[in-house]
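To keep things clear, I will list the structure first and then write my remarks on it.
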Amino acid sequence: MSCWMITGAGRGIGLGIAKKILGRGDDVIALVRDPLKCDALRAIEGARTRLKLLAADVADAASLSAARAALSQERIDVLVNNAGIYRDRGRGILTADLDAFAETMMVNTVAPLRVLQNFAPLMGKGGQVSKVATISSAMGSFQRGDGQFSYRASKAGINKAIQSVAAELLQENIIAFVMHPGWVRTDMGGAGADISVEQSATGIIRTIDSAGCEAAGTFLNYDGTTIPW
């Protein structure tokens, strides 16, 4: 039995991962901004004791500190850094809302690192290996296209940050890597996306389960293949 912490677990890919992990009998700590708005998770919480639903805004330092204090006795085996936003779609630099750009960088680049700082002390305990999978996007690869510069920049930023700290975390028995979840049919991905939440969540979990030390600092697709930086 293992314990997974999932940020942004109230909907979309995060919810899909949480359901599957609970379905196989593992524990889930679900971090969401407002538990009262997470009907799907609250229904599961009422039926299964293996789910802990906790309010936390990943972009707010005080909120994360409070969540960390509430979980001080927990052991986390897998952290899925999933929470993210996609603002200012379709605008070029000359018309972009740079406040929206700053918000995107805060949530998609800085917040996952803030989550890691808070909860890494609960990982790698007793010599056991833990894993951090940060959900990024192939849009952050320098090999991929143009446009949507705010989102791309935020994902490129978290990619490089995780790549840069992976060796340090490995010394603490934490394997850290970034993942592309696929183009998924969610509110963010849209109805015309390539794959379902079910397909993405299944692949992400399988890839995390099979990841060893060689995965530290890598950029993996949901199907386990490597994506160019």
Side-chain angles (χ1 to χ4, degrees), residues 5-15 17 30-38 54-69 79-120 132-166 168-169 176-184 186-190 193 200 204 217-220 227-229:
M5 172 179 281
I6 305 167
T7 68
R11 61 180 182 173
I13 298 167
L15 178 59
I17 295 171
L31 296 190
V32 298
R33 279 183 295 179
D34 186 352
L36 295 179
K37 294 182 179 179
C38 298
L54 197 62
D57 182 345
V58 298
D60 183 83
S63 177
L64 283 177
S65 293
R68 166 69 176 83
L79 167 59
V80 182
N81 248 330
N82 168 71
I85 60 173
Y86 193 170
R87 299 280 191 262
D88 209 25
R89 296 173 186 246
R91 291 193 182 187
I93 183 59
L94 298 183
T95 59
D97 178 348
L98 294 183
D99 289 333
F101 174 79
E103 181 189 11
T104 300
M105 295 297 291
M106 175 58 70
V107 175
N108 292 355
T109 307
V110 178
L113 301 176
R114 204 185 296 279
V115 170
L116 183 55
Q117 278 191 333
N118 274 275
F119 297 105
V132 176
T134 297
I135 305 303
S136 178
S137 171
M139 290 176 70
S141 170
F142 282 91
Q143 306 296 317
R144 302 288 181 99
D146 56 9
Q148 314 296 338
F149 81 95
S150 295
Y151 187 74
R152 289 182 186 276
S154 71
K155 292 304 187 180
I158 192 57
N159 288 357
K160 189 61 184 177
I162 295 297
Q163 184 195 43
S164 300
V165 302
E168 175 188 350
L169 291 171
F177 48 92
V178 291
M179 295 191 69
H180 172 56
W183 184 20
V184 189
T186 61
D187 291 343
M188 183 183 291
S200 177
I204 289 169
T218 60
F219 189 4
L220 300 175
I227 295 177
W229 292 109

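Values below: all heavy atoms of this structure, side chains included; hydrogens, waters and symmetry mates excluded.
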(request) Check the surroundings of atom CE in Met106: do more than 12 heavy atoms from other residues, nucleotides or ligands lie under 6.0 Å from it? (result)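 Counting other residues, nucleotides and ligands, CE of Met106 stays at 12 neighbours or fewer.
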(request) Flag yes if more than 12 heavy atoms outside Arg68 fall under 6.0 Å of its CZ atom; otherwise flag no. (result)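 Check passes, neighbour count above 12.
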How far apart are the closest heavy atoms of [X] and [Y], and which atoms are they?
| X | Y | value |
| --- | --- | --- |
| Pro35 | Ala55 | CD-CB, 3.6 Å |
| Ile204 | Pro181 | CD1-CB, 3.9 Å |
| Ser136 | Val178 | CB-CB, 4.2 Å |
| Cys38 | Gly10 | SG-CA, 3.8 Å |
| Ala153 | Met105 | C-SD, 3.9 Å |
| Asn159 | Ser137 | ND2-O, 4.3 Å |

Once you round to the nearest 0.5 Å, how far does [atom1] of [X] lie from [atom2] of [Y]?
| X | Y | atom1 | atom2 | value |
| --- | --- | --- | --- | --- |
| Ile227 | Thr218 | CD1 | OG1 | 10.0 Å |
| Thr104 | Asp97 | OG1 | CG | 9.0 Å |
| Ile6 | Leu79 | CD1 | CG | 9.5 Å |
| Gln148 | Lys155 | CD | NZ | 13.5 Å |
| Phe219 | Ser141 | CZ | OG | 6.0 Å |

Looking at [X] and [Y], would you say the former's side chain and the latter's main chain have a donor-acceptor pair under 3.5 Å?
| X | Y | answer |
| --- | --- | --- |
| Asn108 | Ile85 | yes |
| Thr109 | Ser154 | yes |
| Thr7 | Ala83 | yes |
| Arg152 | Met139 | yes |

(request) Could you name each residue pair satisfying ring-ring contact (aromatic ring centres under 6.0 Å, His included) that touches residues 80-107, not counting sequence neighbours? (result)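 Non-adjacent pairs meeting ring-ring contact (aromatic ring centres under 6.0 Å, His included): Tyr86-Tyr151, Phe101-Phe149.
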Sequence neighbours excluded and cut-off under 3.5 Å, please list the side-chain donor-acceptor pairs for residues 111-119, or say none.
from: Asn118; atom 1: ND2; to: Arg114; atom 2: O; distance (Å): 2.9

(request) Applying side-chain contact (heavy atoms from CB on, under 4.5 Å), name anything that partners Ala176, two or more places apart in sequence or on another chain. (result)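 In terms of side-chain contact (heavy atoms from CB on, under 4.5 Å), with neighbours along the sequence ignored, Ala176 is linked to Val132, Ile162, Leu169.
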